[in-house]
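Note that the structure is predicted; figures quoted are calculated from it, not measured. Atoms within a ligand are numbered from 1 in the order they appear, just like the ligands themselves.
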Amino acid sequence: MTTPAASASNGPMIEIQRLNKWYGDFHVLRDIDLTVARGERIVICGPSGSGKSTLIRCVNHLEEHQQGEIVVNGIAMTQDVKRIEQIRRHVGMVFQHFNLFPHLSVLENCCLSQVWVQKKPRAEAEATAMEYLERVQIANQAYKYPGQLSGGQQQRVAIARALCMRPDVMLFDEPTSALDPEMIKEVLDVMVELAHEGMTMLCVTHEMGFAKTVADRVIFMDQGQIIEEAPPESFFNNPRSERTQLFLSQILGH
Ligand SMILES: Nc1ncnc2c1ncn2[C@@H]1O[C@H](COP(=O)(O)OP(=O)(O)OP(=O)(O)O)[C@@H](O)[C@H]1O
Ligand SMILES: [Mg+2]
């Protein structure tokens, strides 16, 4: 059996093998194989409904899969709640719609899991929260509520909140697609910085500039399958499959 202690410092960060998932009769993920090395940055793109969110949500068991293996930081995913909690401790997630708690201040949002999941003393949790809020340049808003912040500011808080748990890997599900154009850059800047610091990142995004700047690999999904994966340069300049070519012509064509 793989123990977290034995394998945490070597081997891939995420290993997905022959992953299959159904929603009822609908086969949403088909034979997905994906290995993410430590420090690797992967961008996942593809048409709406292709299974991108479902795939990354399987990594921290926000969605349950029916077949195949998922191993995160050496820990094999099972139905066991303790196992799932163990995996989630390594994985930070940022959603399209921020998912901050509206009735809690920015600071409280960042402290909650540290206090309740990690059992940290409040003072220590607040110090960590302030450290990451500084990092995303929003410490001066710590006592505000999410509803008093712009979308870009809320998303930066959501990133800080995830980082407070000191994850080994960060999952991003279209973190900028709900934002007004002028706020996209401030969130992407934080993500680029995180990438340069060596964070392992799995990002669903259609921000192709971001993909070109930081991704080690770009993955194209369609109808529940990985159709193509390549480093950004060959992905954008020489896409092999017709489906990838069509998709790129649609999103880069205007
Ligand atoms: N809870 C659910 N029950 C049934 N079907 C679902 C459920 N969640 C998603 N689906 C279906 O699974 C497919 C994949 O959904 P998913 O959200 O993973 O796609 P996506 O690639 O992230 O799309 P988008 O770009 O629109 O976010 C879609 O056809 C969707 O309708
Ligand atoms: Mg999605």
Side-chain angles (χ1 to χ4, degrees), residues 14 16-36 41-70 72 77 79 84 87-88 91-100 151-152 154-155 158-159 162 169-181 183-184 187-188 191 200-212 214-215 217-230 232 235-236 239 241-254:
I14 301 172
I16 298 174
Q17 282 181 333
R18 297 199 75 79
L19 177 69
N20 281 276
K21 175 173 174 59
W22 288 261
Y23 287 120
D25 291 341
F26 179 59
H27 197 174
V28 61
L29 295 176
R30 297 162 180 261
D31 287 335
I32 301 280
D33 289 314
L34 175 62
T35 301
V36 183
R41 281 85 42 132
I42 293 185
V43 162
I44 302 174
C45 62
S48 181
S50 56
K52 308 177 298 291
S53 297
T54 306
L55 172 60
I56 66 164
R57 290 166 65 88
C58 283
V59 172
N60 60 357
H61 206 268
L62 290 180
E63 296 288 349
E64 196 172 298
H65 64 283
Q66 283 82 41
Q67 283 179 11
E69 302 274 314
I70 300 176
V72 181
M77 178 84 72
Q79 299 303 321
I84 295 166
I87 287 178
R88 285 189 181 154
V91 182
M93 181 142 187
V94 174
F95 303 87
Q96 183 175 14
H97 295 289
F98 330 134
N99 295 15
L100 296 171
Q154 289 187 57
Q155 195 59 300
I159 295 172
V169 53
M170 286 282 286
L171 310 175
F172 290 88
D173 192 357
E174 303 212 40
T176 59
S177 58
L179 299 177
D180 291 337
M183 291 169 195
I184 291 176
V187 171
L188 289 178
M191 292 171 65
T200 310
M201 296 165 73
L202 200 48
C203 311
V204 175
T205 181
H206 292 141
E207 291 294 336
M208 294 304 155
F210 173 79
K212 285 177 187 166
V214 306
R217 259 189 297 161
V218 185
I219 287 177
F220 173 69
M221 285 184 71
D222 195 16
Q223 296 180 7
Q225 288 178 303
I226 293 180
I227 303 297
E228 184 156 352
E229 56 179 299
F235 183 85
F236 291 110
S241 100
E242 268 178 35
R243 279 195 267 179
T244 315
Q245 289 164 16
L246 178 65
F247 176 76
L248 286 175
S249 72
Q250 283 164 348
I251 62 161
L252 301 174
H254 50 80

Quiz item: Which residues pass the side-chain hydrogen bond (donor to acceptor under 3.5 Å, both in side chains) test with Gln225, sequence neighbours left out?
Solution: none
Quiz item: Nearest 0.5 Å, what's the CZ-CE distance between Phe172 and Met93?
Solution: 10.0 Å
For ligand 1, list all ligand N or O to protein N or O distances below 3.5 Å, rounded to 0.1 Å.
residue: ligand 1; atom: 8 (N); partner: Tyr23; partner atom: OH; Å: 3.4
residue: ligand 1; atom: 18 (O); partner: Thr54; partner atom: N; Å: 2.9
residue: ligand 1; atom: 18 (O); partner: Thr54; partner atom: OG1; Å: 2.5
residue: ligand 1; atom: 19 (O); partner: Gly51; partner atom: N; Å: 3.4
residue: ligand 1; atom: 21 (O); partner: Ser50; partner atom: N; Å: 3.1
residue: ligand 1; atom: 21 (O); partner: Ser50; partner atom: OG; Å: 3.4
residue: ligand 1; atom: 21 (O); partner: Gly51; partner atom: N; Å: 3.0
residue: ligand 1; atom: 21 (O); partner: Lys52; partner atom: N; Å: 3.0
residue: ligand 1; atom: 21 (O); partner: Lys52; partner atom: NZ; Å: 2.8
residue: ligand 1; atom: 22 (O); partner: Ser53; partner atom: N; Å: 3.0
residue: ligand 1; atom: 22 (O); partner: Ser53; partner atom: OG; Å: 2.8
residue: ligand 1; atom: 23 (O); partner: Gly49; partner atom: N; Å: 2.8
residue: ligand 1; atom: 25 (O); partner: Lys52; partner atom: NZ; Å: 2.7
residue: ligand 1; atom: 25 (O); partner: Glu174; partner atom: OE2; Å: 3.4
residue: ligand 1; atom: 26 (O); partner: Ser48; partner atom: OG; Å: 2.6

Practice problem: State, with a plain yes or no, whether a side-chain heavy atom of Phe236 is found less than 4.5 Å away from one of Met208. | Solution: yes
Quiz prompt | Expected output: side-chain Lys52 to main-chain Gly46 donor-acceptor under 3.5 Å | solution = yes
Quiz item: Rounded to the nearest 0.5 Å, what separation is found between the CD1 atom of Ile16 and the CG atom of Asp31?
Solution: 13.0 Å
Practice problem: Go through Val72 and His61 one step at a time and tell me if the side-chain contact (heavy atoms from CB on, under 4.5 Å) criterion holds. | Solution: CA-CA 11 Å; Val72 181; His61 206 268; over 6 Å; no
Quiz item: Checking Glu64 side chain against Lys21 main chain: does a donor-acceptor pair fall under 3.5 Å?
Solution: no
Quiz item: When you check the space around the Mg ion (ligand 2), which protein N, O or S atoms turn up under 2.8 Å?
Solution: Ser53 OG
Quiz item: With sequence neighbours excluded, what pairs up with His27 under the side-chain hydrogen bond (donor to acceptor under 3.5 Å, both in side chains) test?
Solution: Asn20
Practice problem: Output the distance between atom CZ (Phe210) and atom CE (Met191), rounded to the nearest 0.5 Å. | Solution: 4.0 Å
